[in-house]
Amino acid sequence: MYRQKYLFLLPGLLVLVAIILFPLLFTIRVSFSSWDVYNPGLDWIGGENYGRLWEDARYWQALGRLTLLSVTTVLIQYVLGFALALMVWRDLAARRLFRVLFLIPMMTTPVVMSVLWRTIFHESLGPLNPILESLGIGAAPWLSSAGWAFAAVVIVEVWQWTPFMFLLLLAGLLSLPNEPYLAAKIDGAGPVRTFFSVTFPMLGAISVGAILIRLIEASKIMETVYVLTSGGPGTSTETSSYYIYIRGMRDFQIGYSAALSLTYLIIMIVALTVIAKLLVRALVKDAA
Amino acid sequence: MKTLYLALKYLAIALWSAFVVFPFLWALTTSFKSANGVTGGATWIPWVQYEPSLQGWQSLFGGVGGINVVKPFYNSLVVTLSASVISITLGTLAAYALSRFTFRFLWMRNSDITFFFISQRIMPPIVLAIPFFLMLRSLGLLDSLPGLILVYVALLMPIAVWVMVDFFNGVPRGLDEMAWMDGCNPITTFWRVILPNALPGLVVAGMFCIIFGWNDFFFAFTLTFTETQLLPVAIVSLNSSVTPWWSLSAAALVSIAPLVVLAFVVERFLSKGGLAGAVR
């Protein structure tokens, strides 16, 4: 029809293709080479890197840990974000002030906050342990023991990104029509019933969207880990991105890290597609 | 029952508010400490528990033992704003095309092309970091502002397209048709009729671009050395075993402050219902 339509689409499309596709093709090619510090260049070693990856326990452990971390943090964020959105939805004095306050963490630079959190978690000089002691809970070895370091990462992620869930769900709540609530009231449904048979189903689509966006972002987690724990103690908080970073940017094993990142990318795409399908089936009513 | 519910609700709100505010208050009080104030253990109240000092804040402008944030702040500003403007311009044009015209490249239809744009957000930065590094090096753009802007455009354009496609789908087609009947071609239609009506969408897209651009760390970290350090990179470079906590806190507050203002803007949109369309 109109020739001009290409003038609209192509500039953006071509720029994105140029910036993304070349690096991706390059990575695919490099993953079949032995490019490293001693031997920089594109030779051809077939699938050797992929064979090595298959045996690399540290890689698979990092992937398992990433899965656990993403699912845990996103679930906590969803539940808390939903609860907070419901609380400041209506019937609350100064609700607009609390809305602003609850949004603020997602505006802050994650890596800068992580630097601050690191001082908060500091075992002898940080403020967290004294508070826990005064509450009678007792001090914790936050960044020096495996379990606590993992908990620290979860806390930071929850602080940072619960506001994102809160934002999307509150936007959803505010756009809901009034009639179903009137109907529920006439039927004599209590607040709990109203929530489960009116509010929750109507926010199904937004819930799926919010959870998916957060899962996608969480699957890339590495900055928090880099600043807070550097993957430690040992490798106990190492995520996939961080392990690939160590192999690629620190050890300079370009070829091997390319194979690692492509495998990681493919696993993420497959996993997220499956999760998306399942979530839509479980939470969106009219999709079945 | 009702009172118990209300009490629990206010308790929950108070607890979460405290959790949200906690790191900021800690940073604020720490930024006025000196070495003695920090090594004495965690304290909160100036004059009473520790002797306040301006050392941390002075170090931001070239004082001793911290980082000078002026140049990194400027770099961050330039990169974020330029990349946002470019991404939104290209993204808005593409989004309009995808919303109004039909395309067919090989097997790909409009929805596939839209998905291609948006799906770039799935890409973990680490996958692209090394090729970007080599690519910018061969272009001579490593450790330079144009190089960073180029990379940030790729990072932000998917967001702009995502917001604007949704937005344009909500703008009635009747508007376009009326303009066509008045003799406009697609370009003049877009320029004179659609764009003036797209302001709310542009604001939302701009906000998201600025948040993601300003807050990104990884590409700035891997693609620059010393010349064009961005703010987050400069702050993280302070993060070591002998970190001067006072400069660190002051610098962190400076880097966070500009975007906290955005929380107010977002809330305004939210409470007026302007975001409901954008998140659907």
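This structure is a prediction, so every number in the text was calculated from the model and none was measured. The sequence lines fix the lettering, A, B, ..., with proteins before strands; numbering per chain opens at 1.
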Novice: Quick one: what part of A:W89 sits under 4.5 Å from any heavy atom of chain B, side chain, backbone, both or neither?
Specialist: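 Neither the backbone nor the side chain of A:W89 comes within 4.5 Å of chain B.
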Novice: Side chains of B:F116 and A:L13, heavy atoms from C-beta outward: is any pair under 4.5 Å?
Specialist: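 A side-chain contact exists here, since the closest heavy-atom pair is under 4.5 Å.
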Novice: Looking at B:W245, is its backbone amide N or carbonyl O close enough to the side chain of B:K33 to form a donor-acceptor pair, meaning the two atoms are under 3.5 Å apart?
Specialist: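 Looks like no, no N/O pair under 3.5 Å.
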Novice: Is it the backbone or the side chain of A:Y242 that comes under 4.5 Å from a heavy atom of chain B, or both, or neither?
Specialist: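 Contact with chain B is absent: no heavy atom of A:Y242 under 4.5 Å.
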Novice: Identify which of A:P105, A:P23, A:G12, A:P127 forms the greatest number of heavy-atom pairs closer than 4.5 Å to chain B.
Specialist: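 Ranked by contacts with chain B, first place is A:P127.
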Novice: Report which part of A:L260 has an atom under 4.5 Å of a heavy atom belonging to chain B: side chain, backbone, both, or neither.
Specialist: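 Interface part for A:L260: neither.
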Novice: Measure distances from A:S114 to the heavy atoms of chain B and classify the residue's part below 4.5 Å as side chain, backbone, both or neither.
Specialist: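 No part of A:S114 comes within 4.5 Å of chain B.
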Novice: Non-hydrogen atoms of chain A under 4.5 Å away: do they reach the side chain of B:I113, the backbone, both or neither?
Specialist: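 The side chain, not the backbone.
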Novice: For B:W26 and A:T119, test the side chains for any donor-to-acceptor distance below 3.5 angstrom and give the result as yes or no.
Specialist: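 Yes.
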Novice: Taking every heavy-atom pair that is under 4.5 Å apart, which of A:L103, A:L16, A:L24, A:I216 has the most such pairs with chain B?
Specialist: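 Among the listed options, the one with the most contacts to chain B is A:L16.
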Novice: Within the distance-only criterion (no hydrogens, no angle test), does the side chain of B:S76 pair as donor or acceptor with the backbone N or O of B:L231 below 3.5 angstrom?
Specialist: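 Flag set: sc B:S76 to bb B:L231 pair under 3.5 Å.
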Novice: Return the option, out of B:L93, B:V21, B:T30, with the maximum number of heavy-atom pairs under 4.5 Å with chain A.
Specialist: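 Ranked by contacts with chain A, first place is B:L93.
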Novice: Heavy-atom cut-off 4.5 Å, strictly under: side chain, backbone, both or neither for A:I120 against chain B?
Specialist: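 Backbone plus side chain of A:I120, per the 4.5 Å heavy-atom cut-off to chain B.
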Novice: Would you check if the distance from the ring center of A:W142 to the ring center of A:H122 is below 6.0 Å?
Specialist: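 No, they do not, as the ring centres are separated by 6.0 Å or more.
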Novice: What residues form a salt bridge (Lys or Arg N to Asp or Glu O under 4.0 Å) with B:R121, not counting sequence neighbours?
Specialist: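 By the salt bridge (Lys or Arg N to Asp or Glu O under 4.0 Å) rule, B:R121 matches A:E217.
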Novice: Could you tell me whether a side-chain N or O of B:T29 sits under 3.5 Å from a main-chain N or O of B:L25, the two making a donor and an acceptor?
Specialist: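 Flag not set: sc B:T29 to bb B:L25 has no pair under 3.5 Å.
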Novice: Is the distance between the ring centroids of B:F190 and B:W180 under 6.0 Å?
Specialist: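 Not close enough - the centres of the two rings lie 6.0 Å or further apart.
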Novice: So which of A:I104, A:T27, A:I254 has the largest heavy-atom pair count under 4.5 angstrom toward chain B?
Specialist: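 Most heavy-atom pairs under 4.5 Å with chain B: A:I104.
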Novice: Enter the distance from B:W162:CH2 to A:I213:CD1 here, rounded to the nearest 0.5 Å.
Specialist: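 Atom-to-atom, B:W162:CH2 and A:I213:CD1 are 4.0 Å apart.
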Novice: I'd like to verify something: which residue of B:F264, B:Y10, B:W16 has the highest number of heavy-atom pairs under 4.5 Å with chain A?
Specialist: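 If we count pairs closer than 4.5 Å to chain A, B:W16 comes out on top.
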Novice: Of all of A:L265, A:V112, A:L262, which one pairs up most often with chain B through heavy atoms under 4.5 Å apart?
Specialist: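 It is A:V112.
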Novice: For chain A, which of B:I126, B:D216, B:T43 has the most heavy-atom pairs under 4.5 Å?
Specialist: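 That would be B:I126.
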Novice: Hydrogens and angles aside, do A:Q160 and A:T108 bring a side-chain donor and acceptor to less than 3.5 Å of each other?
Specialist: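 Yes, a side-chain donor-acceptor pair sits under 3.5 Å.
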Novice: Measure B:I256 against the heavy atoms of chain A and call it side chain, backbone, both or neither at under 4.5 Å.
Specialist: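 It is the side chain, since no backbone atom gets that close.
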Novice: Output the option from A:V30, A:L80, A:L84, A:L170 having the highest count of non-hydrogen pairs under 4.5 Å with chain B.
Specialist: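 Most heavy-atom pairs within the cutoff with chain B belong to A:L84.
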Novice: When only pairs under 4.5 Å are counted, which of A:W117, A:F22, A:W159 shares the most heavy-atom pairs with chain B?
Specialist: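 Of A:W117, A:F22, A:W159, A:W159 has the most heavy-atom pairs under 4.5 Å with chain B.
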Novice: Between B:P232, B:S249, B:A129, B:P124, who has the most heavy-atom pairs with chain A when the cutoff is under 4.5 Å?
Specialist: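 Winner by heavy-atom pair count: B:P124.
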Novice: Hey, would you say the B:Y152 and B:F212 ring centroids sit under 6.0 Å apart?
Specialist: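 Distance test on ring centres: not under 6.0 Å, no.
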Novice: Do the two ring centres, one from B:F221 and one from A:Y226, sit under 6.0 Å apart?
Specialist: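 Yes, the ring centres sit under 6.0 Å apart.
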Novice: B:I211 versus chain A, heavy atoms under 4.5 Å apart: side chain, backbone, both or neither?
Specialist: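 For B:I211, the contact with chain A is made by the side chain alone.
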Novice: Does any heavy atom of chain A fall under 4.5 Å from the side chain of B:Y96, the backbone, both, or neither of them?
Specialist: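 Side chain of B:Y96 only, per the 4.5 Å heavy-atom cut-off to chain A.
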Novice: For the side chain of B:N215 and the backbone of A:P110, is there at least one donor-acceptor N/O pair under 3.5 Å apart?
Specialist: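 No, because the side chain of B:N215 does not come within donor-acceptor range (under 3.5 Å) of the backbone of A:P110.
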Novice: For each of B:F22, B:W44, B:Y5, B:W214, tally heavy-atom pairs with chain A at distances under 4.5 Å, and name the one with the top tally.
Specialist: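 Sorted descending by pairs with chain A, the first entry is B:F22.
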Novice: For B:I187, is it the side chain, the backbone, both, or neither that has a heavy atom closer than 4.5 Å to a heavy atom of chain A?
Specialist: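 Both backbone and side chain.
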Novice: Heavy-atom pairs under 4.5 Å with chain A are the metric here; pick the option from B:V161, B:I235, B:V260, B:I122 that has the most.
Specialist: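 Highest number of pairs under 4.5 Å: B:I122.
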Novice: Between A:T162 and chain B, with a heavy-atom cut-off of 4.5 Å, which part of the residue counts as in contact: side chain, backbone, both or neither?
Specialist: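 Side chain of A:T162 only, per the 4.5 Å heavy-atom cut-off to chain B.
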Novice: Of all residues at least two apart in sequence or in a different chain, which pass the side-chain hydrogen bond (donor to acceptor under 3.5 Å, both in side chains) check with A:S219?
Specialist: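 If we apply the side-chain hydrogen bond (donor to acceptor under 3.5 Å, both in side chains) test to A:S219, skipping adjacent residues, there are no hits.
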Novice: Check for a donor-acceptor pair, side chain of A:S33 on one end and backbone N or O of A:G255 on the other, with a separation under 3.5 Å.
Specialist: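 No, the answer is negative, given that no donor and acceptor are paired below the 3.5 Å cut-off.
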Novice: Relative to chain B, which segment of A:I131 carries a heavy atom at a distance below 4.5 Å: side chain, backbone, both, or neither?
Specialist: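 Answer is side chain: those atoms of A:I131 sit under 4.5 Å from chain B.
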Novice: Non-hydrogen atoms of chain B under 4.5 Å away: do they reach the side chain of A:Y245, the backbone, both or neither?
Specialist: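 Both backbone and side chain.
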